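The structure under discussion appears below in the form of structure tokens.
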2 protein chains.
Amino acid sequence: MNKRQVQKQFTHEKIIAAAKQIFIEKGIINTATAQIAEAAGVAHGTLFLHFPNKDSLVIELLDVELAKFSDSIKKLIVETSDIVTILEQYLNLIQAEEGFFSSLARELPDYKAELRRKILFRESLLREHFYRVIEKGIEQNIYAKVDITSALTFLFGTINYYLSLKTSFVQEGSVIEKFKPSIIKTMRDLLLPA
Amino acid sequence: MNKRQVQKQFTHEKIIAAAKQIFIEKGIINTATAQIAEAAGVAHGTLFLHFPNKDSLVIELLDVELAKFSDSIKKLIVETSDIVTILEQYLNLIQAEEGFFSSLARELPDYKAELRRKILFRESLLREHFYRVIEKGIEQNIYAKVDITSALTFLFGTINYYLSLKTSFVQEGSVIEKFKPSIIKTMRDLLLPA
DNA sequence: CAACTCGGTGAGTGTGTACTCAGTAAAGGG
DNA sequence: CCCTTTACTGAGTACACACTCACCGAGTTG
């Protein structure tokens, strides 16, 4: 890579990093492209050399984050079959991206179809993984013969619900962190045989 | 009331009705004040004679709807103590306003603080009512000695979750209707002693 | 019925924002 | 060393939207 290409890629990454940061703080709709450019330390116009429009920027950012997240989940599920450990780690992952994905999820309906599809894909992926883990555990008599769908609905529903509270509890700290113990307790109660 | 006052009130109500209709269809942020005026059959400027700004219109509409909803819930809970009936009726109520409140809830984070507070108030009200019903039931040995908080988290979390799916399942029909049986089943399992 | 009140009108204004484009300077190539 | 290519710049454009205001005419009042 020559000097120009290096510079170009550097700028590209600066913009994405800045966008992620501001989106977490203010949400996507509330962030003007000019602000992203300013935060990235480039001219407003530069942004549109790297992305044809704001949506493309959001989608590329989402793709990158989704890939990271998906890899972490796969790794996690391959490495352990203990439901409590998986849950804990999973909640840690959610927590790390809490601001970004939850703000995205909340803006979803106002936003474009492709974003919606991506978020939904991510969720179906997670459900699928969990489903397999639990199913295998049941076969091996590790877990109780629960209604898997109910258990997963509880898990995802609860997380969704807590995240939706986020803007209300504006205090410092992670929403997931706060509710982690009760989520784990309930999932354990649901899954482990009495 | 003289002719002028009647006319004024009529216009006021026309605007609110039109606003509700369009908000359900397109969400609040995506609806321009000019469109509301057009749908109401009044001039754009007329809207601002009746409401100082768009937010006030939203808040008045929300107040009206909240009052209706709250009354229905109170009545429902006074009239019956059978949890399954209460749940069914409650889900019917949610369903009737599904479009309006769920679109509101989804836009919340982008929107103004007072709206957030009102939605939150509504939820705390509902939780409170349910809490009382279940608590009373437990005292009278009607329901299992469940962890009330978990049960309610499941209920509200799940409903929230299903509503968040709404824009994805754009097909006709109510989201709540679709998931009602599984919500009721799980709540019954949680609440009724084995 | 003349004078006045007041709800309604809609073209106009100000603002915020996504996106453009003519110009600039540094890098690359012959 | 000069010419071309290219990433970048930032003032400018187009547009959408909330909100205004000078004017109108029907309703009310004495």
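Everything numeric in this text was worked out from a predicted model, so none of it was measured. Residue numbering restarts at 1 for every chain, and letters A, B, ... go by the order of the sequence lines. Values below: every heavy atom of this structure, side chains too, minus hydrogens, waters and symmetry copies.
Between dC19(D), dC19(C), dG10(D), one nucleotide has an atom nearer to the side chain of Lys54(B) than all others, and that is dC19(D). The side chain of Thr46(A) has dT9(D) as its nearest neighbour among dC19(C), dG8(C), dT9(D).
Here the straight-line distance linking atom CD of Glu38(A) with atom CD1 of Ile36(A) works out to 11.5 Å at 0.5 Å rounding.
Taking side-chain N and O atoms only, Asn53(A) has no distance below 4.0 Å to OP1 or OP2 of dA18(C). At the phosphate of dG7(C), neither OP1 nor OP2 sits under 4.0 Å from any side-chain N or O atom of His50(B). At dC8(D), one or more side-chain N or O atoms of Gln7(A) fall inside 4.0 Å of OP1 or OP2 (strictly under the cut-off). Note on His44(A): every side-chain N or O is 4.0 Å or more away from OP1 and OP2 of dG12(D). Residue Thr33(A) places none of its side-chain N or O atoms closer than 4.0 Å to OP1 or OP2 of dT17(C). For the pair Thr11(A) and dA7(D), the criterion of a side-chain N or O lying under 4.0 Å from OP1 or OP2 is not met.
Comment: Lys180(A) does not engage Glu88(A) in a salt bridge, judged by the lack of any side-chain N to carboxylate O separation of less than 4.0 angstrom.
Residues Glu25(B) and Gln21(B) have side chains that bring a donor and an acceptor to within less than 3.5 angstrom of each other.
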* Check the pair Phe51(B) / Ile16(B) against side chain to side chain contact (heavy atoms under 4.5 Å, CB included), numbers first and verdict last. => CA-CA 10 Å; Phe51(B) 308 92; Ile16(B) 289 199; 3.8 Å; yes
* With side chain to side chain contact (heavy atoms under 4.5 Å, CB included) as the test, would you mind laying out the steps for Thr11(A) and His50(A) before giving the verdict? => CA-CA 9 Å; Thr11(A) 304; His50(A) 287 266; 3.6 Å; yes
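At a cut-off of 3.5 angstrom, counting only N and O atoms as typed in the model, there is a donor on one side and an acceptor on the other between the side-chain of Arg4(B) and the base of dG27(D).
At whole-Å resolution of the value, NZ in Lys8(A) and C1' in dG28(C) are 15 Å apart. Rounded to whole angstrom, the span from the CZ atom of Phe48(B) across to the C1' atom of dG7(C) amounts to 16 Å. Taking atom CD1 on Ile15(B) and atom P on dG7(C), their separation rounds to 13 Å, with Å as the unit. dT28(D) atom P lies 7 Å from atom NZ of Lys3(B), rounded to whole Å. For the pair Leu49(B) CG and dT5(C) P, the computed distance is 18 Å after rounding to whole Å. Computed from coordinates, the Phe10(B) CZ to dG8(C) P distance equals 11 Å when rounded to whole Å. For the pair Met1(B) CE and dT28(D) C1', the computed distance is 16 Å after rounding to whole Å. One interatomic measurement links the two molecules: CG of Leu47(A) to C1' of dG10(D), which rounds to 13 Å at whole-angstrom precision.
Across all strands, His12(B) comes closer than 4.0 Å to no nucleic acid atom at all (heavy-atom distances).
Between Ala34(B) and Gln5(B), the residue whose closest nucleotide on DNA chain D is further toward the 5' end is Ala34(B).
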